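Reminder, nothing fancy here: chain letters follow the sequence lines and each chain counts from 1. A quick note: this is a predicted structure, and the numbers were derived from the prediction, not measured.
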Amino acid sequence: MKFKLIYPKWSKMERQTEFHLPPHGPIVFAASLPEDVDVEFTDENVEPIDFEDPVDFIGISMMLTIQVKRGLQIADIFRKKGVKVIFGGIATMLHAEEVMQHADAVFLGEAEGRMTEVFNDFKNNRLRKVYDYLNEQPPIEMVGTARRDILNRDLYNYKGIQMVDLVHASRGCRFNCFPCAVAYLGGRQFRPRPIDKAIAEMASIDNNRLFIVDNSLAQDTQWEMDLFAEMIPLKKKWCSHPIEDNPKVLDLAAQAGAWYVYQAVFDTSQYIRDRIRRYHDHGIGVEGTILLGLDTHTEDFIKELIDFLLEIELDLAEFTVLTPFPHTRAFEKLQAEDRIFTYDWDKYTADQVVFRPKHMSAERLGELLSYAWDSFYKNESQQLKMSRLYQKVIAKEKADNSYTPRKRELARQAFGQKLN
Amino acid sequence: MENLISELKEKIIETLYLEDVHKEDIDEDAPLVGGDLGIDSIDVLELVMMIETEYSVIIDNKELGEKVFSSLRALAEYIQTNRPQV
């Protein structure tokens with residue numbers, strides 16, 4: 001049986017350098033498919049969908065709210081041809097009711113151990129409208145190595161440089177941050193994978209550079225230290241979300257190949273200043289993720305924050321505006337206060353303002369977002385700062401002899417497209 | 001100077017893993033970047049690191065980089081002038 005798995009395209013943030021990473025959700029999902037399913041994957045961000053290709057069953061995997069409208073369009077096209085469509089992934093869970101109107105089935109929750117049932121139902125023509133396992137997570141031990149063999153790897157390559165491969169060592173998050181939907185999606189219980197399984201998966205990846213996509217590694221000190229200790233012999237270099245602010249943990253992370261972290265910078269405190277310095281002291285770079293538009297944010301605060309970011313010498317910064325994604329505390333609050341003025345999901349890009357900020361107009365917040373990008377990259381362009389971070393990984397790799405040269409035959413291509 | 005040029009040819013081939021390029025293929029007066037060797041801006045990043053490690057010469061801005069990497073001879077001259085004297 002031929003199952004075509006599709007990852008709908010979306011428009012990237014206007015100010016961010018455009019790049020395409022190999023998706024994680026679809027390949028994790030594909031690992032849970034029964035053996036007799038012949039899966040073919042299309043990431044529409046890097047290649048067009050062949051709507052004429054004969055297939056038995058379509059799966060649409062969506063991570064982001066800005067994939068939803070496109071995902072529904074794709075489903076409509078296939079369903080008109082009489083092909084059944086099932087949806088899954090994070091954005092399917094966040095937009096389940098809307099998605100159901102365009103689907104033969106939606107799968108909510110984590111896929112491990114559930115797909116034999118779903119595919120049997122499909123074969124016997126008794127597909128259910130909803131498979132709701134959102135609150136019945138499978139044992140974390142069931143999570144296997146993701147199916148990276150379904151990716152066309154050369155499409156995730158920029159001028160011969162292979163993009164990082166995504167991998168996860170845990171699910172769930174004990175925190176419940178204001179803008180985040182993870183508490184709804186993966187539960188508030190931190191669920192680490194058995195370390196040997198996570199390590200075996202990392203070792204199996206034909207790429208020295210990884211992105212460990214766990215929500216936050218800073219959840220359980222002993223587990224985090226054990227994971228890093230086991231990672232050291234792999235000599236991988238990796239980026240991740242925050243690492244625990246503890247010298248022993250940071251030291252092990254550095255030995256395990258920590259390249260840089262995505263770290264939220266939410267105020268101008270001495271704590272943040274020290275937090276960034278401690279990463280740098282361990283040779284770990286920091287890309288600040290800066291969310292603008294919270295109710296505490298005045299125009300003066302935002303300007304002070306930008307000055308602060310330059311002082312603490314962040315390696316990179318990414319600016320977004322608060323976006324009330326469904327099933328977040330931000331959504332509940334802003335909706336209750338009648339401050340969300342559009343539910344056009346294509347505008348939920350995180351660089352367009354879709355709500356009324358407390359201290360300024362939506363338009364002014366948009367201007368301050370541009371001001372933030374312009375000010376931070378005024379003296380050193382984004383490209384130059386990215387080059388410096390890239391040099392850091394090369395230096396680390398050359399120091400432990402794990403460096404491999406880029407694919408020179410792809411030097412004149414970017415994400416599958418020929419360059420002039 | 002000619003010795004340094006010869007040494008740099010070896011180091012460039014080695015640093016960039018230019019498998020099909022030999023020392024004699026590199027014209028020291030031809031543009032180093034964007035020419036027949038296929039050296040591009042990403043290679044320049046690696047060459048900048050190599051030059052810093054091997055010769056303690058730092059090339060840290062775009063304008064300087066454009067001047068220094070205009071040809072292999074220009075690069076050698078810049079290193080010769082700016083390397084620490086022992």
Would the number of heavy atoms belonging to other residues, nucleotides or ligands and lying under 6.0 Å from CG of A/Asp206 be above 12?
-> no
Might you confirm whether atom CD of A/Gln383 has over 12 heavy atoms from other residues, nucleotides or ligands at distances under 6.0 Å?
-> no
Selection from A/Lys159, A/Glu380, A/Arg408, A/Arg388 maximising heavy-atom pairs under 4.5 Å formed with chain B | A/Arg408
Should the heavy atoms of other residues, nucleotides or ligands under 6.0 Å from CD of A/Glu409 be counted, would the total exceed 12?
-> yes
Would you say A/Lys398 and B/Met50 make side-chain contact, with heavy atoms under 4.5 Å?
-> no
More than 12 heavy atoms of other residues, nucleotides or ligands under 6.0 Å from CZ of A/Arg277: is that the case?
-> yes
Portion of A/Leu384 that has a non-hydrogen atom of chain B nearer than 4.5 angstrom = neither
So do the side chains of B/Val48 and A/Gln391 get within less than 4.5 Å of each other, counting heavy atoms only?
-> yes
Counting heavy atoms not belonging to B/Lys67, are there more than 12 under 6.0 Å from its NZ?
-> no
Between B/Asp40 and A/Arg406, does a salt bridge (charged side-chain N to carboxylate O under 4.0 Å, His left out) hold up when you go through it step by step?
-> CA-CA 12 Å; B/Asp40 63 14; A/Arg406 63 183 168 133; 2.6 Å; yes
So does B/Glu24 have more than 12 non-hydrogen atoms from other groups sitting under 6.0 Å from CD?
-> yes
Would you call B/Lys62 and A/Ser381 a side-chain contact if the rule is heavy atoms closer than 4.5 Å?
-> no
Part of B/Ser41 lying under 4.5 Å from any heavy atom of chain A = side chain
Out of B/Thr15, B/Asn61, B/Asp43, B/Thr53, which one racks up the most heavy-atom pairs below 4.5 Å with chain A?
-> B/Asp43
